[in-house]
Amino acid sequence: MDVFALFATRVSAALKSLYPEVTEDALGRLVVEPPRDPAHGDLSTNAAMVVAKPLGRNPREAAAALAGHFASDKDVISAEVAGPGFVNFRIADALWLDVLRAVGQEGADFGRTNVGGGERVNVEYVSANPTGPMHVGHTRGAVFGDTLASLMEYSGYDVTREFYINDAGSQIETLARSTLLRYREALGESIDIPSGLYPGDYLVPVGQALAKEFGDTLLGMPESEAVPLVKDRVLDAMMALIKADLADLRIHHDVFFSERTLHGPDGDIAQTLAWLREQGMIYEGRLEPPKGKTPDEWENREQTLFRATDYGDDIDRPLVKSDGSYTYFAADIAYHRNKYLRGFKHMVNVLGADHSGYVKRLQAAVKAVSQGEADIDVRICQLVRLMKNGEPFKMSKRSGDLVTVADVVAEVGADATRFMLLFRRNDAAMDFDFALVKEQTRDNPVFYVQYAHARACSVFRVAEREMPGVDLSLLALRSAAVERLSTEAELDLVRSVAQWPRTVSAAALAHEPHRIAFYLYDLAAAFHGFWAKGKEDVSLRFVNAADPTLTLARLALVGAVRQVLVNGLTILGVLAPDELS
RNA sequence: GGCCUCGUAGCUCAGCGGAUAGAGCAGCAGCCUUCUAAGCUGUUGGUCGGAGGUUCGAUUCCUCCCGAGGUCACCA
C-alpha cells in the first residue's frame, strides 16, 4: 500500500473529470509527495500547476477546483490551495493507520511494487579481470551493482545479474606464463619472476595443481601447446577466487559470460562486424591524434573504424588492432549485441571511475546493435579512499596492509562494508574509514540502523514477558486498535513507514540504491527518537502493562518499523540482527 | 587541449523541477543515568562555486567560466 501512489491515481482521475481535455503528457509530470514543511499538510500535489499551463488556465483556479473535488473524499480532512497552485491535503488518521495494517498483511512484500512492469533488465557488474583475487577497488561497484539488481528485482523488473569475464586479452597470456613459472617452482626449480609477470602468491597453488595433474610433461611441450592447457586451469582457479571473494560480500551472479567465446572465425565478433558492415556502420579511415599531448608511439595509419559519432560518441572507434586482432571495444560491441539478441532491451553497466571515458562509446554500441530499440545506463562508481582514524592509508602488499576484498571483509565484516559503500551517491568519491565502521555510535550508520532493528526486537521481548500468552505476531497485530496512536511522535513514525513504498520505487527508477540506505537511516532516527521520549515520559513507552490496548497499538507500530527495516536491509544485503553484541 | 564526475553550513554529506534548502558531527545553552545498548532537548551557522538561459517556479535542466578529481588511438 502506497498512500502517495493511491492519491496520485485519485488526483489524476479528478483532473480528467474536471478537464477532459487534459493530456497524458501533463499528467505524467504530476507528483504527489510529502510537503517539505509538515505544517503544509500530509500530502502535496503540483497537479494544478502542471495542468493549468497547457489548458490556458490560472493554476490557482485549477487548484481550487481540484481541492473542491476532494471535499467529499472520506480520507481527506482538508484540501487547501497554497502558494502558486499547490493543493495540500490533510489525511484522515485512519488512512495512515491503514498503512500499519498493510504492513502486517504484506510483511516482506510491503514496499514491493511493479514499477518495472516485468521488463527484463541485464545488470552487469564487477567484470574484474580474472588475473587474481578481487582488489578492494572493485568492491564499490560490486556492492552497488548487486544492490541495484536487488532493488530492481524488488520493484518488478526481471533482472539478470551478469559478470563479463575479460579472459581474452594479452593479460591472460601473461597470467598463463606466470603460472607456468609457478609450475616449475612446484617441480622443484628455483624461479625468478621477471617484471611484467604476476608475482602474486595466489598462483602458487595453481602451479602445484598443475604439477600434480601433469607431472613434468608440460616442460616437454612447445609453449604453444602448454599455454592453452595452463590458461584453462588458471582461469578456472582465478574465477573460483573471485567468486569466493564475492560470496564473502554476499554477491552472486546469474550469468558468467566469457569474452573468449566471442572470438574465433565464426564467433559473435566476426558476425557482429559483418552485420555492422552491411549496415554501413564500419569504414576504413584515419583518426586525428588526440589533442594536447600526443602519445609517444602514435602511428597515423588507416584502420577499421566504427561510426560511433553517428550515435553520439566523440570520435569513431577502432575495431582492429595493428596486429590484426580485435580491439576490446569490438568484443564489447559483440557482447552487447549478444545481450540484445538474448532479449534485453534494458541494460545497466556498473563501471569504475577509470572507465568514465568509455560510457559514450558503450551507449553508441548499444544504440547501433539494437537499432535504437535498447537502452543502456552506465553507472560510474567513483574512487574509494581507505582511511584509518581520518588518515588515508597506502595499500601495498609488501607492508601487509589491506588490499583484497577478503581482507576488508575480515576486518570490518560484510554488513559494514556493504552499508558504508551504499551510504553515498555512487558518482561521488568517498572515504571509507575503518575505525568509524567499527564504532558503536550514531556516527556509524550501519550500527545505528542495525541497532534500531535490535531495539525493536528488544521491545517485543519485553512485551512478551509483560503480556505472556498474547499473540504479538505482525499478522495478529493487524487487529490492534491503532487509532489509539495519537501523539505527533507516533504519527510521525507512521508517516515515515508510509514513505517506504515510494522510496523504493523512486530509487529503483533512478537506479540509486543509496536512497534506500538514507531512508533507513532516517527511519532509524525517527524510531530511536520516539524511544528516547519514553525515557523521559513513561506514558510514551511502548510497553505499558496498565493499558494493553494501547500497548498492542504501539507494538503494531514497532512491528511495522521493524518489518520495513528488514525489508530495506534485505535489499541492501545487510543482516538485521535481533541483538547486537 | 577534449571528454566524464563532483563543487550545498566550520567538517562529513542528503536534497525526487516546487513553498522559508535539510541531517549528523563540531560550537553554544540547558537537562539526564538506560523498556540490555547510540545520552536527550534547544540553539548558532548558507551568496547551494560564479554568470547567463529555459520555466508559472531552478540547488535540481541547458550554456559558458572558475576550482577539484578521473580519463584520453592500438592496453583490458
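It should be emphasised that the depicted structure is a prediction, and the values quoted were computed from it without experimental measurement. Each chain gets a letter, A, B and so on, in the order the sequences are listed, and its residues count up from 1.
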Give the dot-bracket line for RNA chain B from 5' end to 3' end: parentheses for intra-strand Watson-Crick or G-U pairs under 3.5 Å, square brackets for crossings, | for inter-strand pairing, dots for unpaired.
(((((((..((((....[...)))).(((((.......))))).....(((((..]....))))))))))))....
With rounding to the closest Å, how many angstrom separate the [atom1] atoms on [N] and [M]?
N: B/A14; M: B/U54; atom1: P; result: 31 Å
N: B/A68; M: B/A58; atom1: C1'; result: 24 Å
N: B/U8; M: B/G45; atom1: C1'; result: 14 Å
N: B/C61; M: B/C6; atom1: P; result: 9 Å
N: B/C11; M: B/G46; atom1: C1'; result: 15 Å
N: B/A26; M: B/U59; atom1: P; result: 31 Å
N: B/G69; M: B/A51; atom1: C1'; result: 24 Å
N: B/C65; M: B/C75; atom1: P; result: 32 Å

Quick one: is [N] close enough that its OP1 or OP2 comes under 4.0 Å of any side-chain N or O from [X]?
X: A/Lys360; N: B/U71; value: no
X: A/Arg425; N: B/G15; value: yes
X: A/Arg385; N: B/G69; value: no
X: A/His528; N: B/U34; value: no
X: A/Arg301; N: B/C74; value: no

Just how far, in rounded Å, is [atom2] of [N] from [atom1] of [X]?
X: A/Asp537; N: B/C32; atom1: CG; atom2: C1'; answer: 15 Å
X: A/His514; N: B/G15; atom1: NE2; atom2: C1'; answer: 9 Å
X: A/Met420; N: B/A14; atom1: CE; atom2: P; answer: 12 Å
X: A/Phe530; N: B/A38; atom1: CZ; atom2: C1'; answer: 18 Å
X: A/Glu33; N: B/A19; atom1: CD; atom2: C1'; answer: 11 Å

Determine the contact category for A/Ser458: base if any of its heavy atoms lies under 4.0 Å from a base atom, sugar-phosphate if only primed atoms, P, OP1 or OP2 are that close, otherwise nothing.
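It contacts base atoms.
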Reckon A/Gly169 touches a base, only the sugar-phosphate, or nothing at all at heavy-atom distances under 4.0 Å?
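The residue A/Gly169 makes sugar-phosphate contact but no base contact.
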Taking atom types as they are modelled, would you say the side chain of [X] forms a donor-acceptor pair with the base of [N] within the 3.5 Å cutoff?
X: A/Arg455; N: B/U36; value: no
X: A/Ser170; N: B/A76; value: no
X: A/Arg502; N: B/C16; value: yes
X: A/Asp316; N: B/A73; value: no

Verdict with reasoning, A/Phe527 to A/Tyr448, per ring-ring contact (aromatic ring centres under 6.0 Å, His included)
CA-CA 11 Å; A/Phe527 179 66; A/Tyr448 194 65; over 10 Å; no
Choose from [options] the nucleotide whose nearest atom is closest to any side-chain atom of [X].
X: A/Ala532; options: B/C40, B/A14, B/G70; answer: B/C40
X: A/Leu383; options: B/C16, B/C13, B/G70; answer: B/G70
X: A/Met49; options: B/C40, B/G18, B/C74; answer: B/G18
X: A/Phe542; options: B/U71, B/A37, B/C35; answer: B/C35
X: A/Asp427; options: B/G70, B/C35, B/C6; answer: B/C6

Hey, is A/Trp531 stacking on B/C35? Ring centres under 5.5 Å, planes under 30°.
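Yes, A/Trp531 stacks on the base of B/C35.
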Determine whether the aromatic ring of A/Phe447 stacks with the base of B/A38, defined as ring centroids separated by less than 5.5 Å and ring planes inclined by less than 30°.
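By the stated criterion, A/Phe447 and B/A38 do not stack.
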Any chance the rings of [X] and [Y] have centres within less than 6.0 Å?
X: A/Tyr451; Y: A/His528; result: yes
X: A/Phe434; Y: A/Phe432; result: yes
X: A/Phe256; Y: A/Tyr164; result: no
X: A/Phe163; Y: A/Phe257; result: no
X: A/Phe144; Y: A/His514; result: no

Starting from the C-alpha separation in whole Å, work towards a yes-or-no answer on side chain to side chain donor-acceptor pair (under 3.5 Å) for A/Tyr335 and A/Glu162.
CA-CA 12 Å; A/Tyr335 174 44; A/Glu162 191 146 326; 2.8 Å; yes
Just wondering, more than 12 heavy atoms not from A/Glu288 lying within 6.0 Å of its CD?
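No.
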Specify the residue among A/Ile380 and A/Leu540 whose closest nucleotide of RNA chain B lies further upstream toward the 5′ end.
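On the 5' side of the pair lies A/Ile380.
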RNA chain B: A/Ser322 or A/Glu512, which has the more 5' nearest nucleotide?
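Result of the comparison: A/Glu512.
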I want to check something: taking the side chain as every heavy atom from C-beta on, are A/Val574 and A/Gln450 in contact at a cut-off of under 4.5 Å?
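Answer yes - side chains close enough.
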Side chains of A/Leu287 and A/Gln303 in contact at under 4.5 Å (non-hydrogen atoms):
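Counting from C-beta outward, A/Leu287 and A/Gln303 do come under 4.5 Å.
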